[in-house]
Amino acid sequence: MNWRDDVPTLVSWPRPGRAVAAAIVTTAAIGVALTYPSGGMWREPPLPAYGGMTRLVAHFRHANEDGPPPPRQVLVLGSSLTRYGIVQEQLQHELGTGTRVVVLPLDGASIWEVLRLARRFDRPRAPGPNVAIVEVRRAEFRAVDLYRYERFVLRDKPEFVSAPGRLGALRQRVSDLTPPRQQITAWWEEVRYGWLPRLGVRPSVPEAEPHRLWAMSPARRQETLRDFMPERAARMLRNRKFSRPALATLRLLVAELQGRGYRVLLFSPPVSSRYLATLDTLPAGAVAEAAYRATILSADSTGADAVIAFGTERSLGVGSSIFYDYGHLRPEGAARETRRIAEALDALGWLRR
């Protein structure tokens, strides 16, 4: 036999059977089922669901649509520093019954996730004036890799995102049909609180996330926050320069909220003085801190209507023991910060007709 007879050709190569074809179709169907609820229906690229995000959309929908609209609305967006810094019930009391306060903290969120969340909100029904308070913190404005959503957000900014070549574009098309890795619980939240309401099914409003840190035992809390101690949290930012893409994203977030009728107040929550002192000793630390203060804490640079920066624990008139770690406050610290936010809003006069 001639050795060439052993070389498979297009004619001699085995054709895929029905089982293989069915597996390919099933994989594509699963990919669509997983990516549409967690990205496609929000006009996003196929993305893994972010745990808790669509639960907050359901909370906003409930506050915005159920019952008669209040005269004014104050929307508060941020990370766990907001959860343990601004108490919704207290701020509601401080601002009075004519203002509805909606605090929606998303644990672990950066400016990218907050923008992704804000784009899912409807316009507020409250006639206004309405205010959006947005947390900004140093770590999210230190340079990081740009992943899929970041590249999607900045796709029209070639100085940050270069256009993919033919091979990159093909890989992107293929990935659109492959199921993204994600937690099933987060994906189910997208279906339950995002997709089903679009079909007219209104699920019950999810319970608000509790303040778990405040209820933990000291030993468990210390273990949970081990990586967030002031010095350790600061060293995680070693050699990370100021992020211009994150600044561009903050500007998009401010414009998004202003387009929905909010006046935007950026607030930089208080952090431990030990955290800032350690940052200043790190490579690129002092330069990045100067850039943060000159841009993020500047209304002219971000397009925000106003900025409030708390600095360290001294801005609350207390010692560093008010923190559990680099920035998560104890209940008494949260009460002080909430009061200062209410005082800042009163001084701005935005909520007065």
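Residue numbers start at 1 and run along the sequence shown. Quantities reported herein were computed from a predicted structural model and do not represent experimental measurements.
- The side-chain contact (heavy atoms from CB on, under 4.5 Å) check on W214 picks up Y84, V87, H211, Y324, P331, A334, with sequence neighbours excluded.
- Using a 4.0 Å cut-off between a side-chain N of Lys or Arg and a carboxylate O of Asp or Glu, E223 and R226 qualify as a salt bridge.
- In terms of heavy-atom proximity, L257 sits nearest to A132 at CD1-CB, 3.9 Å.
- Both Y262 and L106 are part of a single hydrophobic cluster, where members link through side-chain heavy atoms under 4.5 Å apart.
- Considering only heavy atoms from C-beta on, S301 comes within 4.5 Å of L247 through its side chain.
- The aromatic rings of F242 and F141 lie parallel to each other, their planes meeting at an angle below 30°, with 60° marking the opposite boundary.
- No continuous path of hydrophobic side-chain contacts links V318 to V271 [ILVMFWY only; heavy atoms under 4.5 Å].
- Using a distance-only test at 3.5 Å, with no hydrogens or angles considered, a donor-acceptor pair links the side chain of Q90 to the main chain of A335.
- At a cut-off of 3.5 Å, with distance as the only test, no side-chain donor of E150 or T249 sits close to an acceptor on the other residue.
- Side-chain atoms of R123 come within 3.5 Å of backbone N or O of G259 as a donor-acceptor pair.
- Shortest non-hydrogen contact noted between P70 and A126 is O-CB, 3.2 Å.
- By the 4.0 Å N-to-carboxylate-O rule, R125 lies too far from E65 to be salt-bridged with it.
- Within the 3.5 Å criterion, the main-chain N or O of A63 finds a donor-acceptor partner in the side chain of R100.
- Annotation for F152: atom CZ counts as buried by contact number, over 12 foreign heavy atoms lying within 6.0 Å.
- Checked by atom type, the side-chain pair E190/T54 shows a donor-acceptor distance below 3.5 Å.
- For R260, the salt bridge (charged side-chain N to carboxylate O under 4.0 Å, His left out) partners are E256, not counting sequence neighbours.
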Start with the C-alpha gap between L225 and L213, add the side-chain angles, then the distance that decides, and say whether side chain to side chain contact (heavy atoms under 4.5 Å, CB included) holds. CA-CA 9 Å; L225 298 176; L213 287 180; 4.1 Å; yes
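- The CD atom of E209 sits 7.0 Å away from the CG atom of D107 when rounded to the nearest 0.5 Å.
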In residues 283-297, what donor-acceptor pairs under 3.5 Å come from side-chain atoms, sequence neighbours left out?
{"unit_1": "E289", "atom_1": "OE1", "unit_2": "R138", "atom_2": "NE", "d": "2.8"}
{"unit_1": "E289", "atom_1": "OE2", "unit_2": "R138", "atom_2": "NE", "d": "3.2"}
{"unit_1": "E289", "atom_1": "OE2", "unit_2": "R138", "atom_2": "NH2", "d": "3.1"}
{"unit_1": "E289", "atom_1": "OE2", "unit_2": "R293", "atom_2": "NE", "d": "2.6"}
{"unit_1": "E289", "atom_1": "OE2", "unit_2": "R293", "atom_2": "NH2", "d": "3.2"}
{"unit_1": "Y292", "atom_1": "OH", "unit_2": "V136", "atom_2": "O", "d": "3.3"}
{"unit_1": "Y292", "atom_1": "OH", "unit_2": "S268", "atom_2": "OG", "d": "2.9"}
{"unit_1": "T295", "atom_1": "OG1", "unit_2": "A291", "atom_2": "O", "d": "2.5"}

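- Contact detail for P197 and R202: the closest heavy-atom pair is CB-CD, 4.5 Å.
- Residue E44 forms a salt bridge (charged side-chain N to carboxylate O under 4.0 Å, His left out) with just one option from R120, R151, R119, and that option is R120.
- Contact record, L329 with G85: CD1-CA, 4.1 Å, taken as the closest heavy-atom pair.
- Across all non-hydrogen atoms, the minimal contact from L77 to A118 is CD1-CB, 4.4 Å.
- Proximity of R192 to S204: side-chain heavy atoms (C-beta onward) are separated by under 4.5 Å at one or more points.
- Under a hydrophobic clustering in which Ile, Leu, Val, Met, Phe, Trp and Tyr are joined whenever their side-chain heavy atoms come within less than 4.5 Å, directly or via other members, Y149 and V254 fall into the same cluster.
- Taking D346 as the reference, R352 meet the salt bridge (charged side-chain N to carboxylate O under 4.0 Å, His left out) condition, with sequence neighbours excluded.
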Using the rule given for side chain to side chain contact (heavy atoms under 4.5 Å, CB included), can you reason through D305 versus L265, listing the C-alpha separation, both sets of side-chain angles and the distance that settles it, and then say yes or no? CA-CA 6 Å; D305 296 282; L265 170 65; over 6 Å; no
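- Here the side chain of E189 pairs no donor or acceptor atom with the backbone of R55 at under 3.5 angstrom.
- Going from atom CD of E94 over to atom CD of E343 covers 7.5 Å, rounded to the nearest 0.5 Å.
- Criterion: ILVMFWY side-chain heavy atoms under 4.5 Å apart, direct or through other members. Under it, L250 and V114 are part of a common hydrophobic cluster.
- With sequence neighbours left out, the side-chain contact (heavy atoms from CB on, under 4.5 Å) criterion links M236 to no other residue.
- Residues V264 and T302 have side chains not in contact (no heavy-atom distance under 4.5 Å, counting atoms from C-beta outward).
- Sparse packing is recorded around CZ of R314, with 12 or fewer heavy atoms of other residues, nucleotides or ligands lying under 6.0 Å away.
- Summarising the local packing, CD of Q222 is surrounded by 12 or fewer heavy atoms from other residues, nucleotides or ligands at distances under 6.0 Å.
- Counting heavy atoms from C-beta on, the side chains of P269 and I86 never come closer than 4.5 Å.
- In this structure, R137 CZ and F267 CZ are separated by 10.5 Å, a value rounded to the nearest 0.5 Å.
- Counting heavy atoms from C-beta on, the side chains of S80 and P105 never come closer than 4.5 Å.
- Rounded to the nearest 0.5 angstrom, D325 CG and M229 CE are separated by 5.0 Å.
- To the nearest 0.5 angstrom, L345 atom CG is 8.0 Å from I308 atom CD1.
- Residues V307 and A299 come closest through the heavy atom pair CG2-N, 3.8 Å.
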Run the side chain to side chain contact (heavy atoms under 4.5 Å, CB included) test on V131 and T99 for me, step by step, so that the C-alpha distance in whole Å, both residues' side-chain angles and the decisive distance to 0.1 Å come before the verdict. CA-CA 10 Å; V131 176; T99 301; over 6 Å; no
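- Note: the hydrophobic cluster containing V201 also contains W187 (ILVMFWY, side chain heavy atoms under 4.5 Å, direct or indirect links).
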Checking side chain to side chain contact (heavy atoms under 4.5 Å, CB included) for the pair V103/T82: CA distance, chi angles, key distance, verdict? CA-CA 8 Å; V103 180; T82 294; 4.0 Å; yes
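- One distance of note links CG of L81 with CD of E135; it measures 5.0 Å at 0.5 Å rounding.
- Heavy-atom neighbours of E207 CD from other residues, nucleotides or ligands within 6.0 Å: at or below the threshold of 12.
- Under the rule for a ring pair (Phe, Tyr, Trp, His ring centres under 6.0 Å), the partners of F121 that lie at least two apart in sequence or sit in another chain are F60.
- No donor-acceptor pair closer than 3.5 Å links the side chain of E313 to the backbone N or O of G317.
- A cation-pi arrangement, defined by a distance under 6.0 Å to the six-membered ring centre and an angle within 45 degrees of its axis, is absent between R340 and F310.
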